[in-house]
Every structure is written in structure tokens, then in C-alpha cells.
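Structure, as C-alpha cells:
It should be emphasised that the depicted structure is a prediction, and the values quoted were computed from it without experimental measurement.
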Amino acid sequence: MTDTPTETPDTEEILEKVYEPKAVETKWRALWEEHGLGTADAMSEKPPFTMVIPPPNITGALHVGHALNTTIQDILARYKRMKGFSVLWLPGIDHAGIATQNVVERELAKEGIDRHALGRDAFIEKVWEWKERYGSTILNQQKRLGASCDWTRLRFTMDEGLSKAVREVFTKLYKEGLIYRGNYIVNWCPRCHTALSDIEVQFEETDGKLYYMVYPIVDSDGAKGGVKSLTVATTRPETMLGDTAVAVNPTDERYMDLIGKKIKLPLTGREIPIVADEHVSAEFGTGAVKITPAHDFNDFEIAGRHSLESINILDINAVLNENAHKYEGLDRYAGRKKVTEDLDALGLLEKVEPHKIMIGECYRCSTVVEPRLSRQWFVKVKPLAGPAIEAVENGSTAFVPKSWEKTYFEWMRNIRDWCISRQIWWGHRIPAWHCEECAHITLPDGEADPVLCDGCGSDKIAQDSDVLDTWFSSALWPFSTLGWPETTEDLAKYYPTSVLSTSFDIIFFWVARMMMMGLKFRGEVPFKEVYIHALIRDFEGKKMSKSKGNVIDPLIMMDEYGTDALRFTLAAFAAQGRDIKLAEERIAGYRNFCNKLWNLARFTLMNVDENSEEAGTETEGISLADKWILTKFADCLQTVEEALDAYQFDTAAKALYSFVWHELCDWYVELIKPDLWGDNGEERKAKTAGVLLVVLRDTLKLLHPIMPFITEEIYANLPVEKDGRGLHEEEFPVAIGAYPEETKELDSIMEVIGAIRNLRTENNVKPGASVESTCQIDGAAARDTLQRGAEYIERLARVSSITVTPTGERPLDSVSIVVSGGPEVFISLKGLIDVEAETKKIEGEIAKEIAERKVIEGKLSNSSFVDKAPEAVVAKVRARLMEINEKIEKLENGLERIRGMGK
RNA sequence: AGGCGCGUAGCUCAGUGGGAGAGCGCUUCCCUGACACGGAAGAGGUCGGCGGUUCGAAACCGCCCGCGCCUACCA
């Protein structure tokens, strides 16, 4: 390939022809870590910028939602670092109690081991072993994305420090009466064998049935009209075994006389009362509701109001228990079948109708949850929610986009007590000790576990066997990770955090709870802003899920297209307030962009040397094209900066894309090639090479937060002063200069180039052939501009000669285009003109312009427009009218001449 | 049922009171000394519908239609 080794090295030796991300990414990941890129310095004088990563589930693997959120945070972290902040981006993972326990139990099951046989301590040891082996998977995947977290401050919710925070918070809340224990109905997962909080249940609309069951009334003779029975409607007939009442609305005339009477419950023979309750809707079903307090949330509340008994008919597996008598041992669905069959046989099943119902499923294992009565720990949330609501109302914490505040308020204002106990082993064990002798609950005072009962002094106390909801520890994340409850430098420097980036579905689980805990225990909001990013869906707008098989795996995408391409895609689609429909072609498109940038760098390296940077920094004597690109760069810089400050990642990405591809590559590089080849002297060559280098250097800085790998690699190859710094350590660039007048000039020259190119294509001129061109325009200044651009026009439009004249005779054998507000542009075709086509084209043009003129004239003849619209607008419209008139005149002249040629 | 959001070029989406835009796809031509993961030139839209406000509406307001999501105790 290289045959002239004595000359400047062949470009192939500098950079590959096509960008190959793999090696570059591996190299820079290692170097960044070596350089301590993300390591924060709490002693720094710089202002702090803090983010805590939403800790991913330790059992998880990176999905495209993580990839988006990690990318967003990394863009912010790198941007803020370059802007001079002391950035702490703190990474971590949560212990995911239920999910992790499930995973480890499944592993053990393969070896035929049950956790109960193993025992609690041994099992937990197994979980830690598992964590050591697999727990870093997702962290490594985040590193692969380029995440510039402070990996020296990595935290895990089960760390000693964080566990200390959990115990401190639990104890304090209990002592203040904000944590209590009680027997309530909760969501129960019959597969995970634990209680779940309200929001851990996901509702799915399902095709269910509404069963109408006949309940005989005891002593019906006394009732008016001799009513002998009552029909109730239910979606869960099997629960009738646990019915303890039937309720009707007190104002429902159909049933008024029955209130206070009794039902003889079929199949069991129990007698239960008919009660009146406001909650019952007379319109739905039959207006009479069976009440099963142990297995329905509403029924539980109604039971409370009427002091009804609760009969639990299901065990922890949702299998009917001894209270279900002869149905004992059937699971809930088999029980349903048998109960309905038996009722039907007795003639007590009136009818069955199809009915849509919302069924709750466990968010970890999708098993249908069972409302179940049990003793659990709860956080009394209302007193904590108040300040958390206020903090958002008064702007201490702001949501971006703001519309999410409504969701937050909605939930916070209707919040119910939070069930925090879980009947599993993996997690923070509840720091409460029960006394065998007096039933008193003893809490630790300090770090040591209590040994004696606070109440009676007995030493027969045992720690509660439940663990806390994982989200309980997550709620402390913004301050527990900084060292709380110790007083630390990190806490002083970096709390409250600056922004939390997360997805909307986590507002309830996490954001709201962090707000409550942060305010309660730090007296300050945990973050000043909450950026709610988009949800990623597949190309059809469906939620991605493994079962649908429509997931886009970010790891595969990184393999195939490069990490920068994936990151850029995610940024470019991260418009606020809208879901992202992601398709693989998008990523391929931005892979091409990476390659474009790469080749721009190759081109630059071929044309610059170690003196170029200095030459480019001094703007004296630079060319029209140089001034143009510096101006466009300044515009791009401003757009990117404003966009990133406002979390408009799509705007930033698109501005960069269009600047690099269309302005830098398509125009500037093409314009300056003759300069770089020395056609216009050595001085010009050196100057332009300088501007090219400096613009590329600063463009890399702008791009770096979004595409860290490729920009770092190119930057390392540029002959610019680095002082041993990598791009990630550089400051964000500032504009070198802006030249609006010259930029306008070159823009108008480009329009002429566009016009000539258009004429060439329309008239089938071979791409290689040169043509003669004439530009006619009145006004010396306009002609000067074109004259100054003559070289550019000749080169980029392949014109052999260009003549600039005032408006006048049409050149022989030519076709033309009128540039609005610019010249009439001709190219000569020497007898190759298709007169008919040309005539048609011009006629079409004229028709279009006349139509527009009509609209504009209409505006101007409307006195209220002229009077009321701002002057600038009216002036603009007037100028436009002149432009159009001029254009029409030229077109008409042209048409006349063309017609003459046809004869 | 309530809340939020969306409906702009074939597809994905910007635009949010004064001349309809981008990317991808498509058509035609071109391997010109950074790049075919490329270059040049094009075609393509009653801005969901109907009313209203305004000199002026894709944008603001109201209603309607369609779609999505979240919340909810109609069993």
C-alpha cells in the first residue's frame, strides 16, 4: 500500500479507513479507570455536581432502559466535569430481596437443596457467595457503556454502612410511632411466600367471569312478599367459603327490609348477617355484595365498620385450608371450579356472565397475588408525605419535565401506609426483638443487639424473622451512600444531590420515598431536580419484554455498532415527554455518523501539522469559508450548551449531527480542499489547516459527553497541545469567533452552487462535464459577493467559467433558475436543451410564484394586518413581495426567450 | 371512571402565533485523491376532524374521533 515511505506517513497508518470501535473502547475504558476519571474529590474548591445512580437490581442484566439512563447520566457527568464542576456520580446496586432469593433458591433446587433444610444463616451465606460471583455483571456492563462513575465509591444496599443507616432509620421511626406492627390484609404472593407493598402488584386486565350466586335467607317468611333468597355477584366464587356477611347499600329500596336479617351460607351452612354499607353500589351486579374480609381489601374495610369476623380460608400457597372444610387441599382455581359445580347442582348458581377484571400479579414472578390477612410491619406514611409534597410545591425539588409533578402529587396525596415486612431471608432483618414472656418489642439502642427485654427484663427475646422491603433501604440511598449516619466530608460536600435521572415508573417506588426519608433524616431534599427520562419501546410502540421477544439488547448493539453509536442514538431519541420507539436501523444510522466523524479526522490529519493549532487560533487573515465554519461552530456550541443545561439531549445530538455532517463535511471540507492542496499559496494553506484543526478539536469536545470513545481516540491523534491530558480532562470549548456578514455572503454563494447543481441534474449533464455559467443580478455589492465566491462556485458546481453581470440578455443556449432574493443563474447547454421541458418547468415555477404572490398581496391589502401586525413582520412580507415580483419578471423573460428558441 | 400524553412526509420524530422541517426509506445519477457506513440532485404533507380566539393558527381555547400509558374499592 505505502510506496513512498519517506513522505508523510500514509493515512492508513494513522487511522483505519473505517472506524473500528472494539479496540478503541477497550483501550479507553482501561485508561479512564487508570486516570481515575470519575473519582471525586470532596476537598475540591470547585462547585459540586452530584448524582446517585438508581441502583439496578443485583440479579439484573443491562437492558436498553438502563443503557438510556446510564448514557444520560454519563453525558451530564462528563459535561459538568468539562464545565468545571466537582462531579460525584455515585454507582451502586441494590440487593433485590425477593428477586435474589428466588435466583439463589432456584440454583439450590438444581442440587436438590431446599433453603429450609439449609437453615437461615447458611442460606444467606450462599446468597453472599452468589453475589460475589455474579453480582458485578450489571456493573461491568455499565462500565462497558463508558459510565464515568466514581467506582471507588461503589455502594451496595447490604453494605455495613448502609445497613447501619437502615437500622438507625427503623429504630427512630418506630420510636416516633411512624412504624407499627399489625394484623392487616396485604397483598400476598403465594409463590414467593411473602407480603408485597401495594405498588409491587401489577394489574393486568383479564377476561374473567361474574358469577351470580343465590344465598337463601333465614326465616324469610317475615319478609315482605316472602323473599326467600338474595343473589350476589362475584368474580371469585370460591371465597364464599369465607364469607361473613352480605352487604347492600342502605338506600337501596329493594333490600331495605332485609337489612339485619341473616343468610344461610350455602355449602357451609353458616349464618351470616345482611348489613348496610355506603360502599356498595346499587347499580353494579345485583346490588348485593358478599363480604369476605380475609381475602378482599374492600371487604376487609367493610368488616371493620361492622365488626364482622374474618375467616382465612387460604394458606400461604393459596390452597384452601381447614376452614374450607371439604374443599381443603384444593388450590384456589380448583376450589372455584368445585364450588361453582356444587352450587350449580343445588340450583344456586343463577348465571355466569363474561366480565373484564383487573387481576394483580407479583411484580417479581407474575403469580396472581392473593389478598391475605397477616401480621406485618408498616410505615405510617402520611406524616412523612406532607413535607415531601411541600418540597415539590415550593420548588425545592423540581421535576423535568414538569408534568410529572402531577403524578407525584396524585400519589403522595392518596398515599396509604407502606407494608415494609417481607417473609424472606435475604435483606435487612427487622431490628426488633420479641419477648417470649411479655410480648413486648425491644429495639436496639446503638449498634449492639439487645439481649434483655425492655419490658420485663427477660432474656428470652428473639429477633423478628422478617426482613425489610428492599425499597426501604433504597429510600435512604442519596445520603446513606455518602456515609450517613456518620458525619462525613462527602455528605457535607455532595448532599443534597443535584439531579436524579430515572424513569417515570419508579416515581412511586423510589423517588417519593427518597423525598420522604431525605427530608425526615437530613432536613433537606435529596435532589434538586428529578429528570424523568423516556421509556423505550419497540418499533411498534410496545413495551419491550423477553416473553414478546422484541427486546433490543444493548450489549449486542454495542458489539455490532459500537458503544458511541448506541449512546448517540439514545441521546438523539431522548426527547422529553415522549416514549422512544427504538429500531435497530436507527443505531446503524448513527454508526455511519461515527464513521463520518472518523473520516473527517483522517482527512484532517492528512492536511495538518504541529504548527496548525497555533495558526488556527489566530484568526487574522482567514478565508471566507473559515469565517463561515467558525460562525456555524459558534451557533452549534450555543445550541448544545443550552440544550444540555435543559436536559434536551435530542436537540444537542441533532445539532451536532447536522453541524458535523452537513456543515463541516459537506460544505467546509469541500470548500477548503484547494486551499489545503496549496493552490492558493502556502500561507492560505497553513491558515486553513489551522482553522480545520481547531474546529475539529473543539467539535470533539462538544461531542465527547455523548460519544466519549471515538472522540477521545481521535483527540489523542490530533497534533494539538495536550499537556498529557485526555479529552475527558479538557474544558468545554468557547467560540473562537462569529462573522454573521460573511456567513450570509457564503450562504448566498452556496445557493448559487445549489442552483447550478440542480440545473445540471435536471438537464442530464454528466457529473464529470464542465459547463459555462452566468449569474445575472443587479447591485454591485451582490455581484462582488458572487465574484468573491467564483472559485467556490467553479469547483463545487463544476463550472468552467462564471460570468457575473447585471440583469440583461439571456445567454445563448442556456437554461436557468431564479434564486429567490438572488441572481438568475444560467448554464449553457449548446443545443442540448429540451425546449419543451424547460418551458414546462418555467411555467410551473411561474404558477407557483403567482400563487404565493396572491397570498402575500392579500395580506398586505388587509388593513388590519398592516395596522396590527408588528412592523418587522409587515416589512418582511413587503420585502418578500418585491422578491417574488422580481423573480416572476425574470421567469417570464426567460419563458419568452425559450419560446423564441423553439421556433 | 379519573389523570396524563400523543395524532405533522412511506416510517420515526422535531417544531409551538408570522414564508411546512430533520433522520431513515424511496427515485435518478456518480467508486472525483477523508468516507459507498460515501457524494450530488429529487419526489413526497388538506400538520386527526369540527368550531372558536386572532390581522394571522400546525401551534392558543373548546368539543369530537383515534391511539397509548398511569391511577382507581364497582364486587
Checking all strands, does [X] fall into the base, sugar-phosphate, or nothing category for heavy-atom contacts under 4.0 angstrom?
X: A:Phe573; value: sugar-phosphate
X: A:Phe568; value: nothing
X: A:Tyr657; value: sugar-phosphate
X: A:Arg236; value: nothing
X: A:Gly287; value: base
X: A:Cys665; value: base
X: A:Val855; value: nothing

Would you mind telling me which of [options] lies closest to the side-chain atoms of [X]?
X: A:Phe504; options: B:A40, B:C69, B:C37; value: B:C69
X: A:Trp661; options: B:C55, B:A75, B:G38; value: B:G38
X: A:Ser281; options: B:C24, B:C13, B:C74; value: B:C74
X: A:Phe865; options: B:G18, B:C24, B:C37; value: B:G18
X: A:Asn592; options: B:G38, B:C24, B:A34; value: B:G38
X: A:Asp666; options: B:G18, B:C35, B:A40; value: B:A40
X: A:Val18; options: B:A34, B:C37, B:A75; value: B:C37
X: A:Lys673; options: B:G39, B:A34, B:C55; value: B:A34
X: A:Lys868; options: B:A34, B:U32, B:C55; value: B:C55
X: A:Phe284; options: B:A75, B:C55, B:C30; value: B:A75

N or O in side chain of [X] less than 4.0 angstrom from [N] OP1/OP2:
X: A:Lys581; N: B:C13; result: yes
X: A:Tyr408; N: B:G3; result: no
X: A:Lys17; N: B:G38; result: no
X: A:His355; N: B:C74; result: no
X: A:Trp411; N: B:G3; result: no
X: A:Arg757; N: B:A41; result: yes
X: A:Lys406; N: B:U71; result: no
X: A:His662; N: B:A22; result: no

Expressed in angstrom and rounded to an integer, what is the separation of [X] atom [atom1] from [N] atom [atom2]?
X: A:Phe649; N: B:A14; atom1: CZ; atom2: P; result: 15 Å
X: A:Leu692; N: B:C35; atom1: CG; atom2: C1'; result: 15 Å
X: A:Ile753; N: B:A41; atom1: CD1; atom2: C1'; result: 14 Å
X: A:Glu200; N: B:U71; atom1: CD; atom2: C1'; result: 17 Å
X: A:Phe300; N: B:A75; atom1: CZ; atom2: P; result: 20 Å
X: A:Leu210; N: B:C74; atom1: CG; atom2: C1'; result: 10 Å
X: A:Asp650; N: B:A14; atom1: CG; atom2: P; result: 7 Å
X: A:Glu405; N: B:G5; atom1: CD; atom2: C1'; result: 16 Å

(message) Please find the pair of heavy atoms, one from A:Ile827 and one from A:Ile756, that lie closest to each other, and give the distance.
(response) CG2-CG2, 3.8 Å
With both distances under 3.5 Å as the test, what is the Watson-Crick or G-U wobble partner of [N]?
N: B:C67; value: B:G5
N: B:U27; value: B:A41
N: B:C60; value: B:G52
N: B:A72; value: none
N: B:A22; value: B:U12
N: B:C47; value: none
N: B:C35; value: none

(request) Examine the base of B:A34 for any acceptor or donor lying under 3.5 Å from a partner atom in the side chain of A:Glu670, and report the outcome as yes or no. (result)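 Result: at least one qualifying N/O pair found.
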(request) Would you kindly check whether a donor in the side chain of A:Arg591 faces an acceptor in the base of B:C37, or vice versa, at under 3.5 angstrom? (result) yes
Would [X] and [Y] count as a close aromatic pair, with their ring centres under 6.0 Å?
X: A:Phe284; Y: A:His355; value: yes
X: A:Tyr363; Y: A:Phe509; value: yes
X: A:Tyr561; Y: A:Tyr590; value: no
X: A:Trp404; Y: A:Phe399; value: no

(message) Between B:U54 and B:A59, how far apart are the two C1' atoms, rounded to whole Å?
(response)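 That atom pair is separated by 13 Å.
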(message) Taking only the P atom of each, what is the distance from B:G56 to B:C69 in whole angstrom?
(response) 40 Å
(request) State whether a side-chain donor-acceptor pair under 3.5 Å links A:Glu350 with A:Thr231. (result) yes
(message) Assuming nearest nucleotide by heavy-atom distance, tell me which of A:Leu664 and A:Ser403 is located more 5' along RNA chain B.
(response)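 Its nucleotide being nearer the 5' end, the pick is A:Ser403.
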(request) By nearest nucleotide on RNA chain B, pick out whichever of A:Glu283 and A:Glu410 is the more 5' one. (result) A:Glu410
(message) So if I apply the side chain to side chain contact (heavy atoms under 4.5 Å, CB included) rule between A:Thr292 and each of A:Leu308, A:Ile313, A:Asp299, which one comes out positive?
(response) A:Asp299
(message) For A:Phe508 and A:Trp411, take the angle between the two ring planes, folded into 0 to 90°, and tell me which bin it lands in: parallel under 30, tilted 30 to 60, perpendicular over 60.
(response) parallel
(message) Distance to the ring centre below 6.0 angstrom and angle to the axis at most 45 degrees; does that hold for A:Arg757 and A:Trp667?
(response) yes
(request) Can you run down the ring pair (Phe, Tyr, Trp, His ring centres under 6.0 Å) pairs that involve residues 849-881 of chain A, sequence neighbours left out, and say none if there aren't any? (result)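 Passing the test, one end in residues 849-881 of chain A: no pairs.
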(message) Under 5.5 Å centre to centre and under 30° between planes: does that hold for A:Trp677 and the six-membered base ring of B:G33?
(response)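 Yes, A:Trp677 stacks on the base of B:G33.
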